[in-house]
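What follows is a short report on a single structure.
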Amino acid sequence: MSIVNQLQIGVLKSLASLYEQTFSEKDFQINQTKPEFEGDYTVVLFSLVKTLRLSPDAIGNQLGEKLVNDYPEIFTSFNIIKGFLNLTVADNYWITLLNKNHADICYGKKALTGKKVMVEYSSPNTNKPLHLGHLRNNFLGWSVAEILKANGQEVIKSCIVNDRGIHICKSMIAWQWYANGATPQSTNTKGDHLVGAYYVKFNDVYKEQVAALMADGNTKEAAEKEAPIMKATQQMLVDWEEGKPEVMELWKTMNSWVYAGFDTTYQKIGSDFDKTYYESNTYLLGKDIVQQGLDKKVFFKKEDGSIWIDLTADGLDEKIVQRKDGTSVYITQDIGLALQKYEQFNIDQSIYVIGNEQNYHMKVLQLICKKLGMPNAENIFHLSYGMVELTSGKMKSREGTIVDADELVDEMIATSQKLTEELGKVKDFTAEELKDLYDIIGLGAMKFYLLRVDPKKTMVFNPEESIDFHGFTGPFVQYTHARIKSILRKELGNGESSNSTNEFKSPLLPLEKAVIIQLEQYPTALEVACEEHNPSVIANYVFNLAKTFNSFYTEHSIGNAETIEKKYLRLQLAAMTANIIKSGMQLMGIRVPERM
RNA sequence: GACUUGGUAGCUCAGCUGGAUAGAGCAUCAGCCUUCUAAGCUGAGGGUCAUUGGUUCGAAUCCAAUCCAGGUCACCA
């Protein structure tokens with residue numbers, strides 16, 4: 001149990017016995033004591049004043065007295081300043097904590113809860129390569145999945161691939177017309193980039209054709225409809241739905257190129273999935289549900305035969321669920337897939353990592369599922385994240401300001417290589433070790449940069465800032481880890497960590513204590529990150545821990561500590577810091593090097 | 001227009017279930033490498049927490065209104 005929890009319980013018990021009144025944790029607040037005051041944790045007394053009709057000083061004195069008396073192994077002294085009861089936690093409490101947990105690489109992780117969750121993320125389209133926005137999505141989804149696991153949940157990572165539809169046909173037509181049979185092999189191009197290039201080509205040609213038609217006197221609408229390349233694309237979609245062999249073959253071939261490209265990227269960035277859905281398999285799902293919905297009178301049919309749901313009573317609009325020609329729309333297959341997920345995997349919760357532009361759509365989806373009486377419909381959770389913008393504004397494909405994922409990854413790795421070479425600290429590494437190190441640092445910097453911001457918020461990607469490896473960055477944290485490891489190697493060899501059960505007689509120094517207090521908070525940070533589905537909680541935690549440790553590190557020597565007891569204490573402290581840094585960074589998919 | 005999210009230092013972001021003098025990184029300035037890795041550390045300057053009003057012993061935090069910015073409101077996905 002965390003120290004804050006223990007204090008909470010202690011205060012509750014003390015209040016009950018002192019005043020014969022029952023309180024709840026919400027009746028008072030516990031904060032970490034501000035550095036300018038003496039003490040470690042603070043109980044804010046104001047909120048108790050009214051109900052107890054006593055002065056803050058009186059309450060504080062009685063409460064402080066009782067706590068120190070009843071829990072001598074935890075609290076050693078207290079002081080009261082202006083309604084704040086500051087308690088000092090016993091050195092022994094911290095030392096015991098260190099002794100017990102310094103070598104535990106699972107510190108903070110929770111036992112299995114039995115809860116089963118699916119996290120869907122990534123959701124790429126097979127007509128263009130991944131970009132910066134996908135990276136935020138991937139890192140977020142992956143990290144949230146790991147955070148849930150660390151909190152004892154069973155997680156299935158899933159991905160829905162958007163592999164069909166008019167946009168896919170666009171790149172297919174353009175390839176057919178202009179590629180002369182070019183393949184990834186013949187052009188030495190990554191498959192997803194090759195296909196993406198023809199998607200761009202489509203748009204260029206389309207624009208030209210529309211302009212030409214308008215010059216001939218057509219209206220804009222007519223021109224957009226009549227442009228030959230668009231007509232051909234629409235015909236191709238019809239052919240695809242009918243399963244016309246040559247179209248299917250082209251579709252399969254081009255998709256296979258894209259998948260090969262995606263695989264390379266996913267492998268590089270460390271994204272993986274337990275289950276992949278393909279829209280070409282799921283787009284017909286949900287059709288029978290439409291009929292059920294009609295029977296249940298959740299849906300209604302309009303005169304033209306289209307089927308709708310009326311959500312106006314819930315403050316939303318009417319929404320179509322099936323076209324008049326009987327074909328299903330986007331939301332229909334989403335309903336079908338949502339149901340399938342629950343049925344196939346028997347999950348308790350379904351998390352969708354999708355951009356906030358789809359907030360309305362996801363609200364509608366959940367509401368429809370509820371109205372249909374689907375089990376667990378209330379456990380559909382949209383993890384809505386903000387867009388990534390550039391310092392110059394939004395990414396726009398038309399203006400060529402899309403930041404390509406592969407290029408960005410390469411650039412980050414190149415930067416880490418350059419910096420590593422300049423610093424020249426790992427000259428004895430083999431070529432293989434070096435390559436691995438550049439990956440660790442470059443990818444670590446990128447993931448940290450994208451995960452350190454609250455997912456809900458729109459964030460700005462600044463290229464110069466992203467390749468700065470100082471301050472609030474992944475490499476800073478990695479560096480702290482490497483420095484600790486270097487000490488541990490020197491002091492302990494490659495053997496076990498220090499596990500001496502010395503009695504530490506000298507009091508903890510402020511910086512020693514500051515580090516241990518933060519170590520103690522890791523389990524709480526894990527819980528918060530889980531509840532909020534928010535990896536930035538971990539990023540901030542791990543950064544602050546590293547910063548505190550670095551202050552300690554420059555001020556006090558570990559190898560040449562004042563006494564042998566101090567040396568062992570500090571070795572434990574360093575080891576535990578390294579373990580937690582490693583564990584926290586792992587939750588974000590970031591590796592930490594032994595040296596850098 | 002309706003719904004929705006946001007507005008905190010020059011920039012990027014924490015803090016938001018109300019508590020002590022609002023924090024961090026970058027940038028700027030001044031220092032610290034013959035002792036465990038300087039990708040580090042110490043310090044300085046920099047704020048009308050969008051505005052106005054309300055609730056409260058106490059408001060960046062809660063409520064209301066206003067201003068500004070983003071998103072959505074498709075028989076697109």
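In what follows, chains are A, B, ... by sequence order, proteins preceding strands, each numbered from 1. These numbers come from the heavy atoms of this one structure, side chains and all, not from hydrogens, waters or symmetry mates.
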Notebook entry, point to check: Which residues satisfy the salt bridge (Lys or Arg N to Asp or Glu O under 4.0 Å) test with Asp439(A), sequence neighbours excluded?
Noted result: Lys268(A)

Margin query: So if I define the base as every atom that isn't primed, P, OP1 or OP2, how would nucleotides 17-30 of chain B read as a B/S/- string at a heavy-atom cutoff under 4.0 Å?
Written below: -SBB---SSS----

Please list, pair by pair, any protein nitrogen or oxygen found under 3.5 Å from a nitrogen or oxygen in nucleotides 59-64 of chain B.
none

Can you pull every protein N or O that's under 3.5 Å from an N or O on nucleotides 74-77 of chain B?
from	atom 1	to	atom 2	distance (Å)
rC75(B)	N4	Asp304(A)	OD2	2.9
rC76(B)	OP2	Arg323(A)	NE	3.2
rC76(B)	OP2	Arg323(A)	NH2	3.2
rA77(B)	O3'	Asn162(A)	OD1	3.3
rA77(B)	O3'	Glu279(A)	OE1	3.0
rA77(B)	O3'	Glu279(A)	OE2	3.0
rA77(B)	O2'	Asn162(A)	ND2	3.0

Margin query: Run the salt bridge (Lys or Arg N to Asp or Glu O under 4.0 Å) test on Asp454(A) and Lys456(A) for me, step by step, so that the C-alpha distance in whole Å, both residues' side-chain angles and the decisive distance to 0.1 Å come before the verdict.
Written below: CA-CA 6 Å; Asp454(A) 185 332; Lys456(A) 289 191 289 294; 3.6 Å; yes

Checklist line | By salt bridge (Lys or Arg N to Asp or Glu O under 4.0 Å) - contacts of Glu241(A) (at least two apart) | finding: Arg164(A)

Item checked: Nucleic acid contacts of residues 444-451 of chain A, taken as heavy-atom distances under 4.0 Å to RNA chain B -> none

Item checked: Listed partners of Asp468(A) passing salt bridge (Lys or Arg N to Asp or Glu O under 4.0 Å), at least two apart -> none

Next item on the list: Output all residues satisfying ring-ring contact (aromatic ring centres under 6.0 Å, His included) with Tyr385(A), sequence neighbours left out; order by chain, then residue number.
Entry: none

Next item on the list: Kindly express the pairing pattern of RNA chain B in dot-bracket notation, using | wherever a base pairs with another strand and counting only Watson-Crick or G-U pairs under 3.5 Å.
Entry: ((((((((.[[[[.)...(...]]]].(((((.......))))).....[[[[[..)....]]]]])))))))....

Notebook entry, point to check: Taking the nucleotide of RNA chain B with the closest heavy atom to each, which residue, Val453(A) or Tyr479(A), is nearer the 5' end?
Noted result: Val453(A)

Checklist line | Plane angle bin for Tyr553(A) and Phe549(A) - parallel if under 30°, tilted between 30 and 60°, otherwise perpendicular | finding: tilted

Notebook entry, point to check: Between Asn550(A) and Asn540(A), which is nearer to the 5' end of RNA chain B once each is assigned its nearest nucleotide?
Noted result: Asn540(A)

Margin query: Tell me every residue that passes ring-ring contact (aromatic ring centres under 6.0 Å, His included) with His134(A), counting only those two or more places apart in sequence or in another chain.
Written below: His131(A)

Notebook entry, point to check: Mind checking what makes ring-ring contact (aromatic ring centres under 6.0 Å, His included) contact with Tyr278(A), not counting sequence neighbours?
Noted result: Tyr259(A)

Checklist line | By ring-ring contact (aromatic ring centres under 6.0 Å, His included) - contacts of Phe543(A) (at least two apart) | finding: Phe472(A), Phe476(A)

